[in-house]
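Order of the sequence lines sets the chain letters (A, B, ...), proteins ahead of strands, with each chain counted from 1.
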There are 2 protein chains.
Amino acid sequence: MSKCEQCIVREFSALKALNKDELLRMADCKTSFVVKKGETIFDEGDSLNGIYCIKDGVCKLSKLSDNGKDQIVKLVKKGELLGQRSLISEESTNLSAVAIEDMHVCFIPKQEILQFFNENNQFSLNMMKSVCGDLKDADDGMVNLAQKTVKQRLAETLLKLEADFGSNEDGSLKLQLSREEIAGMIGTATESCIRLLSEFNKEGWITLQGKKITITNKKELQRMI
Amino acid sequence: MSKCEQCIVREFSALKALNKDELLRMADCKTSFVVKKGETIFDEGDSLNGIYCIKDGVCKLSKLSDNGKDQIVKLVKKGELLGQRSLISEESTNLSAVAIEDMHVCFIPKQEILQFFNENNQFSLNMMKSVCGDLKDADDGMVNLAQKTVKQRLAETLLKLEADFGSNEDGSLKLQLSREEIAGMIGTATESCIRLLSEFNKEGWITLQGKKITITNKKELQRMI
DNA sequence: AGTAAAATATGATAATTGTCATACAAATTC
DNA sequence: GAATTTGTATGACAATTATCATATTTTACT
């Protein structure tokens, strides 16, 4: 059983408010596991008995729409927590979480988290801030979906993927998503997404090589937004 | 200075966790005021020094998009709080709040709320739940905007307006919104919204008399969603 | 009450986006 | 390694939605 003290999640999430004692208790009751790319951590409608710490990897939070398409609401990466909303609301999840890369994840039982809420005020405050951050992002997302064109949303998403997840030595986006996933992020049909990527490519804003996408003219993409 | 003890906001919001002592303190430092329909409570980018309790009336939370259109993110009504996100995040607001009806509002200074966070755990938990509820709604809103047609979103919005705000004796929706505001809720051009309302009218799902909208065939509207 | 301003309504048209079909490439399976 | 499945790409077309123009109605103002 590894320690929680030096874990990256502790560094970046609400957990940074926990003291040594609390971290030891957490290390004691947590379970670690690996999630392979494509595997599901939880599904829409599941009731969660705790929250997940993402030690490594990235997953998508998405919701299946009636038309059969998966709308991606958020990407969650290393250092972040997963499942807080459901735990705090005491409701089953409204989103599913599926790994986009291989992941290392720890599960902390609900009881433990609730106790932290009770005894550690800073932890509660941190958690609130984190949820508020998500809320702000979601509100912004709504405005984008409602008021911007698919082209603008694609440009914005590509820039955001670079900003959030970085790029490789060759300049290509580190996080590789399928066309379907990108379409799910910007809220459009997969074909439309593919078409626009081709268009961006022809215009010279980006370069495509298989799943690899390289931004070659950031300024033009920014200008579109 | 009126008491907070029997206030409707206390009944329905996170404030229900406050004890007599805390309520008295709150009554002492709060300021009450009236907001006329159309008036602004706060604007996008304002820094708030507290939160607002809505004793009566309804306001819209909206964000101005680059294309000049106002996207309505949420309607906030009597009994609810306003400005928590900004206060908790310690950021300026990302949304503006404008009265849709005449309102009675109380302002509670930031210091007071922070103290409640520190001394009353249930209050913190309630606040978290409330923000989490908003987050869930926003996530659902994103999926709707991304995956449903304008027609479906209009139908859904009309039903939601009836469910949330009720109807008058004549059956018309109690909350009267301008066409532009309805368009801002469903994320479409005002003309498109007007056109679809006319269409719904012709089909017999709704009746229009000026600003008054009456749902006359709820089942058909539900079937569309 | 009379006038100006704003909101609602509708037509015509263009632009955007989705759907269906099909082709090709890449990955996976046996 | 051949075969099947899955993902990517593109064309053709239809449907949806936005934009611009212009009436008409309602509301606000003095």
Side-chain angles (χ1 to χ4, degrees), chain A residues 36-39 65-71 98 100 144-158 172-173 176-203 206-214 224, chain B residues 36-39 65-71 98 100-102 143-158 172-173 176-203 206-214 224-225:
Chain A
K36 289 270 178 198
K37 177 175 174 171
E39 285 180 355
S65 177
D66 304 319
N67 60 14
K69 286 182 191 161
D70 226 19
Q71 176 66 27
V98 174
I100 284 180
N144 282 341
L145 284 167
Q147 306 288 358
K148 294 193 175 165
T149 64
V150 176
K151 202 180 284 194
Q152 289 177 307
R153 302 201 306 264
L154 176 58
E156 191 164 14
T157 297
L158 291 175
S172 63
L173 297 182
Q176 290 199 2
L177 299 168
S178 70
R179 303 295 193 253
E180 195 179 0
E181 283 169 332
I182 299 175
M185 288 189 71
I186 66 182
T188 192
T190 307
E191 296 95 321
S192 300
C193 174
I194 290 173
R195 231 180 281 275
L196 285 175
L197 281 172
S198 297
E199 193 187 318
F200 283 16
N201 186 14
K202 275 182 197 126
E203 298 276 11
I206 64 175
T207 310
L208 301 173
Q209 321 155 63
K211 263 195 172 50
K212 278 193 181 178
I213 300 176
T214 311
M224 292 198 61
Chain B
K36 289 271 178 199
K37 177 176 173 170
E39 285 179 355
S65 177
D66 305 318
N67 60 15
K69 286 183 190 159
D70 226 19
Q71 176 66 25
V98 174
I100 285 180
E101 297 173 342
D102 291 352
V143 179
N144 281 341
L145 285 167
Q147 306 287 357
K148 293 193 176 165
T149 64
V150 175
K151 201 180 283 191
Q152 289 177 308
R153 301 200 308 262
L154 176 58
E156 191 164 13
T157 297
L158 291 174
S172 63
L173 296 182
Q176 290 198 2
L177 300 169
S178 70
R179 303 294 192 254
E180 194 178 2
E181 284 168 331
I182 300 176
M185 289 188 71
I186 66 182
T188 191
T190 307
E191 296 96 319
S192 301
C193 175
I194 290 173
R195 230 180 281 275
L196 284 176
L197 282 171
S198 298
E199 192 187 318
F200 283 17
N201 187 14
K202 276 181 197 127
E203 298 274 12
I206 65 175
T207 310
L208 302 172
Q209 322 155 61
K211 263 197 173 47
K212 278 193 182 179
I213 300 175
T214 311
M224 295 197 59
I225 306 179

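- Residues satisfying the side chain to side chain contact (heavy atoms under 4.5 Å, CB included) test with B/Glu181, not counting sequence neighbours, are B/Lys60, B/Ile72, B/Ile100, B/Leu177, B/Ser178.
- Counting heavy atoms of neighbouring residues, nucleotides and ligands inside a 6.0 Å radius, atom CD of B/Glu180 does not exceed 12 of them.
- Scanning for side-chain hydrogen bond (donor to acceptor under 3.5 Å, both in side chains) contacts around A/Asp70 gives A/Ser62, with sequence neighbours left out.
- Between the CD atom of B/Gln209 and the C1' atom of C/dA9 there is a distance of 17 Å, given to the nearest Å.
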Check: Tell me, for nucleotides 18-24 of chain C in 5' to 3' order, what letter each nucleotide earns: B for a base near a protein heavy atom under 4.0 Å, S for only sugar-phosphate near one, - for neither?
Finding: BBB----
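- Of all heavy-atom pairs between B/Gln71 and B/Met185, the closest is NE2-O, 3.7 Å.
- With sequence neighbours left out, the salt bridge (charged side-chain N to carboxylate O under 4.0 Å, His left out) criterion links A/Glu199 to A/Lys151.
- Separating the CD atom of A/Gln152 from the P atom of C/dA15 is a distance of 16 Å, rounded to the nearest angstrom.
- Residues satisfying the side chain to side chain contact (heavy atoms under 4.5 Å, CB included) criterion with A/Asn201, sequence neighbours excluded, are A/Ile206, A/Leu208.
- Contacts of A/Thr190 with the nucleic acid, taken as non-hydrogen atoms under 4.0 Å apart, are absent.
- The side-chain hydrogen bond (donor to acceptor under 3.5 Å, both in side chains) search around B/Gln176 returns none, not counting sequence neighbours.
- Taking each heavy atom of A/Lys148 and A/Arg153 in turn, the nearest pair found is O-NH1, 2.8 Å.
- The outermost nucleotides of DNA chain D lying under 4.0 Å from heavy atoms of chain B, listed 5' to 3', are D/dT17 to D/dC20.
- Residues from residues 177-186 of chain B lying near DNA chain D, meaning a heavy-atom separation below 4.0 Å, are absent.
- A/Glu203 CD to A/Leu196 CG: the interatomic distance, rounded to the nearest 0.5 Å, is 11.0 Å.
- At whole-Å resolution of the value, NZ in A/Lys37 and P in C/dA27 are 11 Å apart.
- Taking atom CG of residue B/Leu197 and atom P of nucleotide C/dA7, one finds them 16 Å apart after rounding to whole Å.
- With sequence neighbours excluded, no residue forms a side-chain hydrogen bond (donor to acceptor under 3.5 Å, both in side chains) with B/Glu39.
- More than 12 heavy atoms of other residues, nucleotides or ligands sit less than 6.0 Å from atom CD of B/Gln152.
- Overall bending of the helix from C/dA1-D/dT30 to C/dC30-D/dG1, expressed as the angle between end axes built from five pairs apiece, is 50° (10° steps).
- In this structure, the side-chain hydrogen bond (donor to acceptor under 3.5 Å, both in side chains) partners of B/Lys212, at least two apart in sequence or on a different chain, are B/Asp170.
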Would you give me the side-chain donor-acceptor pairs under 3.5 Å for residues 186-193 of chain B, sequence neighbours excluded?
none

